[in-house]
Novice: 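Dumping the structure here so I can ask a few things about it.
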Amino acid sequence: MVFHAAAYKHVPLIENNPSEAILTNIAGTKILADLSVKHNVEKFILISTDKAVNPTNVMGASKRVAEIYCQSLNESGKTKFVTTRFGNVLGSAGSVIPRFKSQIEKRQSVTVTHPDITRFFMTIPEACRLVLEAGAMGNGGEIYVFDMGQPVKVVDLARKMIKLAGLEPDVDIKIEFTGLRPGEKLFEEVLNEEENTMHTHHPKILIAKVRTYNFSEISLRVDEVINLFKEQDNFSLVARLKDLVPEYISNNSEFEKLDAGR
């Protein structure tokens with residue numbers, strides 16, 4: 001079994017470097033998926049993201065393309081391709097927890113992008129358990145969505161962490177709002193709505209209702225996107241991503257101008 005978790009998942013970083021998302025999130029996934037088919041791997045579990053749902057940034061769109069490729073490849077050999085989608089994992093590399101902790105320890109202002117920004121969170125052990133269970137139950141071609149409960153206001157999380165350190169928010173430690181970063185949105189998609197998912201026997205694992213794709217067509221179109229890497233033309237690259245993922249509408253990004261004529 002292959003668990004493919006390697007990806008660039010930092011939204012503003014990838015918004016500023018789209019070609020790197022193509023190289024890692026799309027081409028990297030394609031290489032591993034193709035090799036898995038070639039060597040008759042039993043199952044390939046792609047670790048995706050809630051940001052692949054109606055993406056507003058390059059990162060989410062690139063992970064959606066990875067999903068599409070793996071799903072379309074499912075019929076090409078013995079390998080069963082299973083995708084898992086979930087949101088932010090508390091304490092993982094790049095999550096807000098280590099950053100808040102470091103800022104509090106240094107008695108610096110805790111930085112939050114917006115007072116109303118919310119995110120879905122789960123712990124590392126919970127995410128790992130659900131990935132393993134979804135991988136075990138998958139028969140190939142499914143995109144599994146994890147029920148992550150209620151979204152949490154990031155500023156509330158910051159306040160709790162300051163209090164847990166024995167300090168008073170806005171007295172001992174200031175909370176500073178820095179503004180939404182490129183590609184960010186205030187609210188993530190609710191993944192577990194009835195019209196978007198079907199239930200499984202596991203209360204926290206659902207199956208996303210998504211369209212299927214023809215592998216020969218998708219393979220050609222994915223290769224076209226990957227081949228644009230060498231040109232390093234961000235706008236033509238993102239435009240091709242938008243053709244491949246029609247629901248990708250940029251937000252708080254220089255690429256919004258590409259949506260004007262769509």
Novice: Looking at residues at least two apart in the chain, or sitting in another chain, which of them share a ring-ring contact (aromatic ring centres under 6.0 Å, His included) with His4?
Specialist: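 Applying ring-ring contact (aromatic ring centres under 6.0 Å, His included) to His4 gives Phe44.
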Novice: Compute whether any side-chain donor of one residue and acceptor of the other, for Lys230 and Ser19, lie under 3.5 angstrom apart.
Specialist: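 No - no donor-acceptor pair under 3.5 Å links their side chains.
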Novice: Assess the side chains of Glu188 and Thr118: does a donor N or O sit below 3.5 Å from an acceptor N or O?
Specialist: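 No donor-acceptor contact under 3.5 Å links the two side chains.
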Novice: Tell me whether Arg119 forms a cation-pi arrangement with Phe121, defined as NZ or CZ under 6.0 Å from the six-membered ring centre and within 45 degrees of its axis.
Specialist: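 Not flagged: Arg119 not positioned over aromatic ring of Phe121.
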Novice: Going by ring-ring contact (aromatic ring centres under 6.0 Å, His included), name the residues that satisfy it together with Phe255, two or more places apart in sequence or in a different chain.
Specialist: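 So Phe255 forms a ring-ring contact (aromatic ring centres under 6.0 Å, His included) with Phe235.
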Novice: Can you list, by chain and residue number, the hydrophobic cluster partners of Leu35 when the side-chain cut-off is 4.5 Å?
Specialist: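 Cluster partners of Leu35: Ile31.
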Novice: By side-chain hydrogen bond (donor to acceptor under 3.5 Å, both in side chains), which residues pair with Asn57, not counting sequence neighbours?
Specialist: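 Not a single residue meets the side-chain hydrogen bond (donor to acceptor under 3.5 Å, both in side chains) criterion with Asn57.
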Novice: Taking side-chain contact (heavy atoms from CB on, under 4.5 Å) as the test, write out the residues that go with Ile162, two or more places apart.
Specialist: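 In terms of side-chain contact (heavy atoms from CB on, under 4.5 Å), with neighbours along the sequence ignored, Ile162 is linked to Ile104, Val110, Leu167, Pro169, Ile173, Ile175.
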Novice: Can you tell me how far apart CZ (Arg240) and CD (Glu224) are? Round to the nearest 0.5 Å.
Specialist: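 The distance works out to 5.0 Å.
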Novice: Answer yes or no: is there an ion pair linking Glu42 with Lys78, defined by an N-O contact shorter than 4.0 Å?
Specialist: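 Lys78 and Glu42: not salt-bridged.
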Novice: Which value, rounded to the nearest 0.5 Å, describes the distance between Ile26 atom CD1 and Leu244 atom CG?
Specialist: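 Here the interatomic distance stands at 7.5 Å.
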Novice: By the definition side chain to side chain donor-acceptor pair (under 3.5 Å), identify the one residue from Lys9, Glu67, Arg85, Arg64 that meets it with Ser48.
Specialist: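 Exactly one pass, corresponding to Glu67.
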Novice: The criterion is ring-ring contact (aromatic ring centres under 6.0 Å, His included); which residues satisfy it with Tyr69, sequence neighbours excluded?
Specialist: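 In terms of ring-ring contact (aromatic ring centres under 6.0 Å, His included), with neighbours along the sequence ignored, Tyr69 is linked to Phe215.
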Novice: Working note: Lys30 + Asp34, criterion salt bridge (charged side-chain N to carboxylate O under 4.0 Å, His left out); need CA distance, chi angles, decisive distance, verdict.
Specialist: CA-CA 6 Å; Lys30 182 181 185 298; Asp34 291 346; 3.0 Å; yes
